[in-house]
Asker: 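Below are the structure tokens for one structure; questions will follow.
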2 protein chains.
Amino acid sequence: MPKTAKIPKAAITRLSIYYRQLECLESKGCQMVSSEKLAGLCHVNSAQVRKDLGYFGEFGIRGVGYDVVNLLAQLKNCLALNRNWNIGLVGVGRLGAALLHYQNVSVRGFRCVAAFDNNPALIGKIIPHNLVIRDIKDLCRVVQELNIEIGVITTPPEVAQGVAELFLKAGVNAILNFSPARIRVPDSCLVENIDFTVKLDILTYKISHGIGL
Amino acid sequence: MPKTAKIPKAAITRLSIYYRQLECLESKGCQMVSSEKLAGLCHVNSAQVRKDLGYFGEFGIRGVGYDVVNLLAQLKNCLALNRNWNIGLVGVGRLGAALLHYQNVSVRGFRCVAAFDNNPALIGKIIPHNLVIRDIKDLCRVVQELNIEIGVITTPPEVAQGVAELFLKAGVNAILNFSPARIRVPDSCLVENIDFTVKLDILTYKISHGIGL
DNA sequence: CATTGTGAACTCATTCACAGCG
DNA sequence: CGCTGTGAATGAGTTCACAATG
């Protein structure tokens, strides 16, 4: 029974990390796991694990721990990974192409069902998994046709905002933005940014301030 | 004068974002910026901007705002971007190759000076910017020769831990990990993870819980 | 009796509100 | 007069510590 307590956003991030570690444990044939053990794998406090899980229900057995398979199933529910999600990607440069290869192969219910670009030299090309690169002009139509709910932006930063607005117009209001530009969208639209230059800056900051010895 | 107050880690992340927006403003010829305006560009509270900057000094002019060029120079110092940083990348798959193209071209003082792989078909190949793909076995020697301080992991998750340990042995203790595996390192080593599957999970969670309308 | 689940204590981060100043 | 800089107030998130329990 999902409680109504406020769930920290960081808890969702951790849930996703737990999920992955559990997959890993399952594939190794591990049947039970304690909060202590899972915490170790994810580099967090064990009370944190228990509290995070506690936001969504009581999944453990006192004195024993958590059943790996069961906990996976529960988390799948919590994170809404128990269904398919159709993704559309804009910007088939090297990064975009890398993601298209990666995503389709694997993972969970995420399926990249369309790729777009504005480069005439690319449009019409077939990429892995029988995907054809489409003209960005067709984005709106294709989004509706294929029921795309998540948009991925892997364009140069100059055009990221424009692409975001296309997605919005098409009714997509969840965006994963790989460009370093900060895109501006209404509150009704979700955005997650993946910006590795920020991560590099964090490293240089910490190195030169002697953090981590 | 750098204060000794505790600086939230999130503040560093924001500093990096301010930096980028300021670069953008500078390139548009904008000379002055208020905390209000910068906050708007970065989607944060203006008091937050002032407080974050306040951790490092007094960079503004009361009643006026911040001089864009000066603030950029100050932040460059804070983030230790006023020097070059040599990077070594392991795993020249599609993602690794995409980063090698991207990084060298651009940005700040980050220079990818070496690329490694264990695939004999790749070793010896020349990639952009006259970089040659080296044998992973030579990592330790090359790290010393080229004075590499930051390691980037773009391998499949199964080998990420092993690569991290190679970096450690070579004396690199700042790692940017693009693999979804959680790597285990001593506290003296800094790790930043870039895991887009986590970001996807966050989106699906929020979509299906009606967050953002 | 080992481990979960959780209120309460604590630590960390953000925002407010206004004094200080160019 | 407007905007910065900052102590004080608020809010959020994490950890502790232990009662509950299979």
Asker: Is the closest basic N to carboxylate O distance between A/E23 and A/K28 below 4.0 Å?
Answerer: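 No, no charged N to carboxylate O under 4.0 Å.
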Asker: Could you work out how much the helix from C/dC1-D/dG22 to C/dG22-D/dC1 bends, comparing the axis of its first five pairs with that of its last five, to 10°?
Answerer: 10°
Asker: Do A/T204 and B/F110 have side chains that get closer than 4.5 Å, going by heavy atoms?
Answerer: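 The answer is yes, as the side chains (C-beta and beyond) meet within the 4.5 Å cut-off.
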Asker: Between protein and nucleotides 2-4 of chain C, what N or O pairs are separated by less than 3.5 Å?
Answerer:
| from | atom 1 | to | atom 2 | distance (Å) |
| --- | --- | --- | --- | --- |
| C/dT3 | O4' | A/G63 | N | 3.2 |
| C/dT3 | O2 | A/G63 | N | 3.0 |
| C/dT4 | OP1 | A/S35 | N | 2.7 |
| C/dT4 | OP2 | A/S35 | OG | 2.7 |
| C/dT4 | O2 | A/R62 | NH1 | 3.3 |

Asker: Report the distance from atom CG of A/D67 to atom C1' of D/dG22, rounded to the nearest whole Å.
Answerer: 14 Å
Asker: Collect all protein-nucleotide pairs involving nucleotides 7-12 of chain C in which both atoms are nitrogen or oxygen and the distance is under 3.5 Å.
Answerer:
| from | atom 1 | to | atom 2 | distance (Å) |
| --- | --- | --- | --- | --- |
| C/dG7 | O6 | A/K51 | NZ | 3.4 |

Asker: For the pair made of CE in B/M32 and C1' in D/dC3, what is the distance, rounded to whole Å?
Answerer: 10 Å
Asker: Salt bridge (charged side-chain N to carboxylate O under 4.0 Å, His left out), that's the test. Do B/D117 and B/R134 meet it? Break it down for me.
Answerer: CA-CA 6 Å; B/D117 209 293; B/R134 299 168 189 259; over 6 Å; no
Asker: Can you tell me the distance, in whole Å, between the CG atom of A/D52 and the C1' atom of D/dT14?
Answerer: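 To the nearest whole Å, that distance equals 10 Å.
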Asker: Working to the nearest 0.5 Å, report the span between CG of B/N193 and CD1 of B/I183.
Answerer: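 The CG atom of B/N193 sits 6.5 Å away from the CD1 atom of B/I183.
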Asker: If I take atom SG from residue B/C42 and atom CZ from residue A/R182, how far apart are they, to the nearest 0.5 angstrom?
Answerer: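 It comes to 8.0 Å.
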Asker: Please check if any side-chain donor atom of B/N86 sits under 3.5 Å from a side-chain acceptor atom of B/N147, or the reverse.
Answerer: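 Side chains of B/N86 and B/N147: no pair found under 3.5 Å.
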Asker: Hey, could you give me the SG/CZ distance between A/C24 and A/R20, rounded to the nearest 0.5 Å?
Answerer: 9.5 Å
Asker: Using the benzene-type ring in the case of Trp, are the ring centres of B/F196 and A/Y102 under 6.0 Å apart?
Answerer: yes
Asker: Without decimals, in angstroms, what is the distance between B/L38 CG and D/dC3 C1'?
Answerer: 14 Å
Asker: Tell me whether B/Q144 at atom CD has more than 12 heavy atoms from other residues, nucleotides or ligands lying less than 6.0 Å away.
Answerer: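 Counting other residues, nucleotides and ligands, CD of B/Q144 exceeds 12 neighbours.
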Asker: Any chance CD of B/E145 has more than 12 other-residue heavy atoms, nucleotides or ligands included, within less than 6.0 Å?
Answerer: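 Enclosed.
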Asker: Testing the basics here: between A/L81 and A/R108, what is the closest heavy-atom pair and its distance to 0.1 Å?
Answerer: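 Shortest heavy-atom separation between A/L81 and A/R108 comes out as CD1-NH1, 3.6 Å.
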Asker: Can you measure B/Q48 atom CD to D/dT10 atom P for me and round it to whole angstrom units?
Answerer: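 About 18 Å, once rounded to whole Å.
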